Amino acid sequence: MDSKKKKGGVLRKAKMPLVEKYLKGSKASIKGMHDKKMRAQLKEEEKDRKEFAERAAWRELLLPEESGYAEAEGMEKTYKFKQKDIADAVDIASAQKQFDLKLNDFGPYNVDYSRDGRHLLLGGQKGHLALMDWQTHRLMCEVHVNETVRSVRFLHVHNMFAVAQKQHVYIYDNVGSELHCLKNHKRVANMEYLPYHFLLVSAGIDGHLCYQDTSTGSIVADHNVRVGRLSCMAQNPQNAVVYLGHQNGVVSLWTPNSGKPQVKVLCHRATVTSVAVDRSGTYMATAGVDGKLRVWDVRTNKALHSYRTPQPARSLAISQRGLLAAGCNTDVQIYRDSLGQENTTPYLKHHFTGQHIRELKFCPYEDVLGVGHSGGFSSLLAPGAGEANFDALESNPFQTKQQRQEMEVKQLLEKLPADLITVDQSAIHSVAKRGAGAGGAEDEEAEEEIVDHFRPRHRTKGKSSAANRHRRVQAVKDQQRRDRIRKAQRKT
């Protein structure tokens, strides 16, 4: 290898496009800066920034797996590929990931995958619950609760999962034993779990949104949405904001810190049937009874694209690499490159004869789409859906029992407080200019009033210089501010 392309075992000029991929932020400008110490510090930080990007690019070349999509030849179309054709074209291990579970008696089924993509949770509407290692087809537990089941979700590990039953939410372990009954969650229709905050979020039929900390058991927030029944629910994986779909076509954004929606977006002129947000937190997909599927820019809350589905989509799902899946009654349509740009032609299609789709879920780190329907569960192959390589420090599909226990401790130590959930993430690292008293504008008005009424008395022997008079005025302002803060704290 040319010495100019390799220096100190770090990639230099050979893969510049790959290096630019990992550069974070823009280069700091030192032009016109007279402080020599600051200039040297910025130069050192810029050097470290480039070195980190080069090392990350070098390690990407050593990743064992590569991602890819299904490609058609000549006049062929990928949406005409059948699941049998895809299974015949891939290797044996990948072909075994395409299977069907016929459970006609207790459907339709809700579906959820664990964070590492190894375990599958099924919840039939008529009370059937099943937890399995879907890659080895090993059934871990199976129980019938003899009640209506509306939603199922894994918690921070695959050993515990939450089930929204007829009246309350119940927590079960991996052998089917009931651990807790959460009576604050009443008549829940949808649930989401925020893993980095250890928060279980539920949306009730009567319009109540409840946040509960699963590590301490305390209720963090309980909001009344005041718009009637909630039609759907989703979370933004980037900032943990909860998205609620309403019957009036509005999608509202909620955090546990406020009893009012942070943002309201009119997405459809009819009931919103499903909401999904990609893992970067940039794009949101919504579907409505009007038969339209719209893609939105979360940063500006503006519509980017609009698609017409053959029937109103009951469920939406976005994969780790940006595939968009829509469950339309008995059909599943998967779109590729449809978030950042408009692409009306489906990437893949699949039809379920006489089986109505209930919920779609992409399996993390696998090219698999899980479909829960009235006839049971189906695992479909979707090439290019999942990340080809996983981060073992984030989620490890092959972790041992000891590693899982250590991971739980680490997650608890790194748990984020619910106060940090906000739509505007730039507000987290900002510093308030005023204290814990009244608002900033009110403080400024009060201080101006103090300065207007206070006039320092003239002193002799040089004690009334401009600097001394300024210090005396500032001391009075500081004392008045302290008194105002103490008064506000006594009221609270």
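Along the sequence shown, residues carry numbers from 1. Just so it is clear, the model here is predicted, and its values are computed rather than measured. Atom set for the values below is all heavy atoms of this structure, side chains included, hydrogens, waters and symmetry mates excluded.
Listed by chain and number, the residues in a ring-ring contact (aromatic ring centres under 6.0 Å, His included) with H350 are F352 (sequence neighbours excluded). Legend: residues meeting side-chain hydrogen bond (donor to acceptor under 3.5 Å, both in side chains) with K415, ordered by chain and number and at least two apart, are D213, S215. With sequence neighbours left out, the ring-ring contact (aromatic ring centres under 6.0 Å, His included) criterion links H356 to no other residue. In this structure, the ring-ring contact (aromatic ring centres under 6.0 Å, His included) partners of Y335, at least two apart in sequence or on a different chain, are Y307. Remark: Y365 pairs with no residue by the ring-ring contact (aromatic ring centres under 6.0 Å, His included) rule, at least two apart or across chains.
Of the N and O atoms on the side chains of H305 and R294, not one donor lies less than 3.5 Å from an acceptor on the other residue. Using modelled atom types, one finds a donor on one side chain and an acceptor on the other under 3.5 Å when comparing D116 with S114. Residues H197 and Y211 bring no donor and acceptor atom of their side chains to less than 3.5 Å of each other. Side chains of Y243 and T286: no donor on one and acceptor on the other come within 3.5 Å. Counting only N and O atoms by type, the side chains of E147 and Q165 include a donor and acceptor under 3.5 Å apart. Judged by distance alone, the side chains of S252 and H246 do bring a donor and an acceptor atom under 3.5 Å apart.
Within the 3.5 Å criterion, the main-chain N or O of G327 finds no donor-acceptor partner in the side chain of R314. Looking only at distances, no side-chain donor or acceptor of H268 sits under 3.5 Å from a matching main-chain atom of A270. Under a 3.5 Å cut-off, the side chain of S379 and the backbone N or O of F99 do not form any donor-acceptor pair. No donor-acceptor distance shorter than 3.5 angstrom exists from the side chain of D173 to the backbone of N159, with no hydrogens or angles considered. The backbone N or O of D133 sits nowhere less than 3.5 Å from a side-chain atom of R138 that would complete a donor-acceptor pair.
A salt bridge is absent between E406 and K410: the closest approach of a Lys/Arg side-chain nitrogen to an acidic carboxylate oxygen does not fall below 4.0 angstrom.
In the displayed structure, Q402 atom CD is contacted under 6.0 Å by at most 12 heavy atoms of other residues, nucleotides or ligands. Residue F52 qualifies as open at atom CZ: its count of foreign heavy atoms under 6.0 Å is 12 or below. Atom CZ of R269 has 12 or fewer neighbouring heavy atoms from other residues, nucleotides or ligands inside a 6.0 Å radius.
Using bins of under 30°, 30° to 60° and over 60° for the plane-to-plane angle, the ring pair F106/H128 lands in the tilted bin.
Considering every non-hydrogen atom in both V145 and L129, the closest pair reads CG1-CD1, 3.7 Å. Closest non-hydrogen pair, P237 versus V277, comes out as CD-O, 4.1 Å. Shown here for E387 and Q320, the closest heavy-atom pair between the two residues is N-OE1, 3.0 Å. In plain terms, the two heavy atoms of R308 and D290 that are nearest each other are NH1-O, 2.8 Å.
A side-chain hydrogen bond (donor to acceptor under 3.5 Å, both in side chains) with S378 is found for one member of Q98, H373, Q83 and no other, namely H373.
For the atom pair T255 OG1 and N236 CG, the distance stands at 12.5 Å (nearest 0.5 Å). A distance of 11.0 Å separates NZ in K264 from CG in L244, rounded to the nearest 0.5 Å.
Cation-pi check for R115 over Y196 is met; the charged atom lies under 6.0 angstrom from the ring centroid and within 45 degrees of its normal. Both cation-pi conditions hold for R336 and Y69: the charged atom is under 6.0 angstrom from the six-membered ring centre and inside a 45 degree cone around its axis. A cation-pi arrangement, defined by a distance under 6.0 Å to the six-membered ring centre and an angle within 45 degrees of its axis, is present between K349 and Y79.
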Show which side-chain atoms of residues 175-188 pair as donor or acceptor with protein atoms under 3.5 Å away, not counting sequence neighbours.
from : atom 1 : to   : atom 2 : distance (Å)
H185 : ND1    : S202 : OG     : 2.5
H185 : NE2    : Q212 : OE1    : 2.7

Should E408 and R404 be marked as a salt bridge (Lys or Arg N to Asp or Glu O under 4.0 Å) after you check the CA-CA gap, both sets of side-chain angles, and the distance that decides it? CA-CA 6 Å; E408 285 189 68; R404 178 180 56 79; 3.0 Å; yes
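Side-chain contact check for F161 versus V152: every heavy-atom pair is 4.5 Å or farther apart.
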